[in-house]
There are 2 protein chains.
Amino acid sequence: MDEKPIPDIVVGRLPLYLRALRHMISEGRQLTSSQELAERLGISAAQIRKDLSHFGEFGKQGTGYNIDFLAEQLERILKVDRVWNMAVIGAGDIGSAVARYQGFANRGFKITLIFDNDPEKIGRRIGPFTVHNMDQIGTLIKAENIKVAMIAVPTAYAQEVADQLVSAGIKAILNYAPLNINVPSGVWVEYTDPVTHLQHMTYYLD
Amino acid sequence: MDEKPIPDIVVGRLPLYLRALRHMISEGRQLTSSQELAERLGISAAQIRKDLSHFGEFGKQGTGYNIDFLAEQLERILKVDRVWNMAVIGAGDIGSAVARYQGFANRGFKITLIFDNDPEKIGRRIGPFTVHNMDQIGTLIKAENIKVAMIAVPTAYAQEVADQLVSAGIKAILNYAPLNINVPSGVWVEYTDPVTHLQHMTYYLD
DNA sequence: TAGATTGTTAATCGATTAACAATC
DNA sequence: TAGATTGTTAATCGATTAACAATC
């Protein structure tokens, strides 16, 4: 009776499929195929069909996929058929850029809180947000029932901030600090570090 | 006689190993083991040993790895035992944050050029850099023999900027625009898009 | 209808893990 | 020496691909 969980590597590709589909929608397209998606994404058509088959049957033989419909299904599966409010911890260069980033809109996320511990920054505005004191993390995140946060503080403070976020009920953390952090099970962490990407590529350069 | 290429997935983990080792160095540590690295990174010790074994024998039985030595070896393998000058295209929020980011130093990278096409921005300073006109991309990148670039322009312009970078001789691109771009073989592209990470995590939330 | 494309199965391919001799 | 840990082999596990019946 055990339902096999979907492989995480499959889940990780769904946002890429969704991103490509949204782009097609912006081009006014209505139909696509596993073949076309595969070419755009640089992966195989068979893999796309296999990945999607874990979740249902979304296409029509001979025709392909209705782009709007498939995008809606992926949004539902990824739970971005709603808006997740987010907190940003750290109002330095990265935190500020994140807070002003227009790319979250219509993709399921919205920043609603930003924190720093620098008295110079607390109370200042960044875009539409007022920077809150970090000692308010627990109170405000709980009050607004926020589940998703981004860490944009100096490396040395990332673990301690992560601990506070977990205490405040955060369940998903995107960590911009170039450091692995430990969190209890049931809390998810992803990392974004430009240098690891760059070092991956330089391996292949002369 | 054909040497088997190292699996790309292995290459992609080396920067994570290096990052953990550098962190240990900053803690004043001298020795580590595959076991300890594995715990910090959340992967298996066997995998770390197997990955490293593609490149040589860096440890000592019974003792483990000399952290400085292993870090040096990984830096050599990843070709970050030198400094790669980089160009940033786009001086908006992301480009500006990237240009001010302190995290490239001592990890093998240094920004030396930043471009935008907004007359308001051209000639202005961002941190230590003067924003150049995008019509100078080819000239300046060739003149400085730059091989690595970051794209931080609006999605709609990312492909066109990528084409210009390729013409200018760029071989590695880190793309901040949430869009797949096409480049000829011999040019490497990696992507960084916070939303794909966030959507990956929300799959697992309620 | 003929052509196209899906969803799925089975085969292949590759990555991870377990185990241990070697040895520091 | 005894204990610890590597590097490597073989086994396991899982992911990708090829192929095709089903069918729009």
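Lettering of chains follows the sequences in order, A, B, ..., and the numbering in each one begins at 1.
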Return whichever of B/K60 or A/L52 has its heavy-atom-nearest nucleotide of DNA chain C closer to the 5' end.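 Its nearest nucleotide being more 5', the pick is A/L52.
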Between A/T112 and A/E144, is there a side-chain heavy-atom distance shorter than 4.5 Å?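 Answer yes - side chains close enough.
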Pairwise side-chain contact, A/L174 with A/Y191, heavy-atom cut-off 4.5 Å (strictly under): no
Which residue lies toward the 5' end of DNA chain D, B/T32 or B/K50, if each is placed at its nearest nucleotide? B/T32
Please tell me which of A/D8 and B/Q35 maps to the more 5' nucleotide of DNA chain D, matching each residue to the nucleotide holding its nearest heavy atom.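 Looking at the nearest nucleotide for each, B/Q35 comes out on the 5' side.
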Give a yes-or-no answer on whether the side chains of A/D116 and A/H132 include a donor-acceptor pair shorter than 3.5 Å. no
Examine the side chains of B/D51 and B/Y17 and answer whether a donor and an acceptor come within less than 3.5 Å of each other.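 Looking only at side-chain atoms, B/Y17 and B/D51 do form a donor-acceptor pair, the distance falling under 3.5 Å.
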Charged N to carboxylate O under 4.0 angstrom, A/R107 versus B/D193?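 The answer is yes: the pair qualifies as a salt bridge.
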So that I can tick it off, tell me whether A/E57 and A/R49 are bridged by a salt bridge, with the cut-off set at under 4.0 angstrom between side-chain N and carboxylate O.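 A salt bridge is absent here (no side-chain N lies under 4.0 Å from a carboxylate O).
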Covered region of DNA chain C, 5' end to 3' end, by chain A [heavy atoms, under 4.0 Å]: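 Span of nucleotides near chain A: C/dA4 to C/dT9.
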Anything under 3.5 Å between a donor and an acceptor, one on a side chain of residues 38-45 of chain A, the other on a protein residue two or more places apart or in another chain? List them.
residue : atom : partner : partner atom : Å
A/E39   : OE2  : A/Q35   : NE2          : 2.8
A/R40   : NH1  : A/H23   : ND1          : 3.3
A/R40   : NH1  : A/E27   : OE1          : 3.4
A/R40   : NH2  : A/E27   : OE1          : 2.9
A/S44   : OG   : A/Q47   : N            : 3.1

Between A/F55 and B/Y203, how do the two ring planes meet: parallel, tilted or perpendicular, split at 30° and 60°?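 It falls in the perpendicular class, over 60°.
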Taking Watson-Crick (N1-N3 plus N6-O4 or O6-N4) and G-U wobble (N1-O2, O6-N3), each under 3.5 Å, can you produce the dot-bracket string of DNA chain C? Use [ ] for crossing pairs and | for inter-strand ones. ..||||||||||||||||||||||
